[in-house]
Amino acid sequence: DVGVSPVTLDELAAGEHLLLRRRFAPRRGRNIELGVVELRAVLASQTGWLNLILADPGGRQLVNLRSEPGAPLPPMGERRTFDLVVQSRRPMAGDLVGGPVGREPVVAVRVPVVREDQVRYVLDGVVPARNFARILESQRLSPDWVGSIVDARNIHVARTPSPERFIGQPLSAPLVDALSRASEGWI
């Protein structure tokens, strides 16, 4: 368990949370403030989540709970998986972002918010990459084995042993070749 699940985010996206009920309209100030309060309560109730971000399908952030209220928000980073979520209308784990120079590596679990048969928003639950290490730890691998979880770009998200050396680094060419033949399992 990495501390965030598409099911929880799906429930939030499908629910009647004030902010997600209708099209986002900044001029509805009070409704937006109440919606943000609801999202903050959800974030506070989820151990392991670092942030919730709500963006329109074009990648414009509408809410980022780590930002100061009223502060200008940047466009969404890591657009590859963001755009895939909009196109496919399916939840997806994003690529590892952040990393060695001062920012903790994180993964966004992305869920489309569909209203009236259209993707209106994408809701990101942001979790630290270190949460993925729990999955490897739960496997109780032999100390002489290597376990790794990688993103779709074949970048280490979690690894045992020596995670500090490998998180954020690409897999070796032989492992990429092996993964091209089997997307999961023992290699």
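Only heavy atoms go into these numbers, but all of them, side chains included; no hydrogens, no water, no symmetry mates.
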Exercise: identify the closest heavy-atom pair between [X] and [Y]:
X      : Y      : value
Gly58  : Phe82  : C-CE2, 4.4 Å
Asp151 : Val157 : N-CG2, 3.7 Å
Gly48  : Pro128 : O-CD, 3.3 Å

Margin query: As an exercise, state the distance from CG of Asn154 to CG of Asp177, rounded to the nearest 0.5 Å.
Written below: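 Result: 11.0 Å between the selected atoms.
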
Item checked: Spacing of CG belonging to Leu179 relative to CG belonging to Leu175, to within rounding of 0.5 Å ->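 One gets 6.5 Å once the value is rounded to the nearest 0.5 Å.
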
Would you find a donor on one side and an acceptor on the other, under 3.5 Å apart, between the side chain of [X] and the backbone of [Y]?
X      : Y      : result
Arg40  : Leu65  : yes
Ser67  : Leu73  : no
Asp124 : Val126 : no

Got [X] and [Y] here, is their nearest side-chain heavy-atom distance under 4.5 Å?
X      : Y      : answer
Arg159 : Val146 : yes
Val42  : Trp49  : yes
Ile53  : Val63  : no
Pro170 : Ile155 : yes

Notebook entry, point to check: What ring pair (Phe, Tyr, Trp, His ring centres under 6.0 Å) pairs are there with at least one residue in residues 156-181, not counting sequence neighbours?
Noted result: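 Ring pair (Phe, Tyr, Trp, His ring centres under 6.0 Å) check on residues 156-181 returns His156-Phe166.
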
Item checked: Tyr121 and Val114: CA distance, side-chain angles, deciding distance, side-chain contact (heavy atoms from CB on, under 4.5 Å) verdict -> CA-CA 7 Å; Tyr121 313 107; Val114 178; over 6 Å; no

Next item on the list: Would you check, one step at a time, whether the test side-chain contact (heavy atoms from CB on, under 4.5 Å) holds for Val106 with Leu50?
Entry: CA-CA 9 Å; Val106 297; Leu50 296 176; 3.7 Å; yes

Next item on the list: Please indicate whether Glu164 has more than 12 foreign heavy atoms, meaning atoms of other residues, nucleotides or ligands, lying under 6.0 Å from its CD.
Entry: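 More than 12 heavy atoms, drawn from other residues, nucleotides or ligands, come within 6.0 Å of this atom.
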
Checklist line | Candidate pair Phe132 and Val127, rule side-chain contact (heavy atoms from CB on, under 4.5 Å), full reasoning | finding: CA-CA 9 Å; Phe132 289 84; Val127 296; 3.9 Å; yes

For [X], side chain to side chain donor-acceptor pair (under 3.5 Å) partners two or more places apart:
X      : result
Glu116 : Arg120
Asn64  : Asn51, Gln61
Asp83  : Arg79

Which atom pairs, donor and acceptor, lie under 3.5 Å between side-chain atoms of residues 135-142 and protein residues at least two apart or in another chain?
unit_1: Ser138; atom_1: OG; unit_2: Ile135; atom_2: O; d: 2.7
unit_1: Ser142; atom_1: OG; unit_2: Asp144; atom_2: OD1; d: 2.3

Could you list the donor-acceptor pairs under 3.5 angstrom formed between side-chain atoms of residues 86-97 and any protein atom two or more places apart in sequence or on another chain?
unit_1: Ser88; atom_1: OG; unit_2: Leu84; atom_2: O; d: 2.8
unit_1: Ser88; atom_1: OG; unit_2: Arg90; atom_2: N; d: 3.2
unit_1: Arg89; atom_1: NH1; unit_2: Asp117; atom_2: O; d: 3.0
unit_1: Arg89; atom_1: NH2; unit_2: Asp117; atom_2: OD1; d: 3.1
unit_1: Asp95; atom_1: OD1; unit_2: Arg80; atom_2: NH2; d: 2.8
unit_1: Asp95; atom_1: OD2; unit_2: Arg80; atom_2: NE; d: 3.0
unit_1: Asp95; atom_1: OD2; unit_2: Arg80; atom_2: NH2; d: 3.1
unit_1: Asp95; atom_1: OD2; unit_2: Arg153; atom_2: NE; d: 3.3

Next item on the list: Walk me through it: do Arg110 and Glu78 pass the test salt bridge (charged side-chain N to carboxylate O under 4.0 Å, His left out)?
Entry: CA-CA 11 Å; Arg110 300 188 142 145; Glu78 206 280 281; 3.0 Å; yes

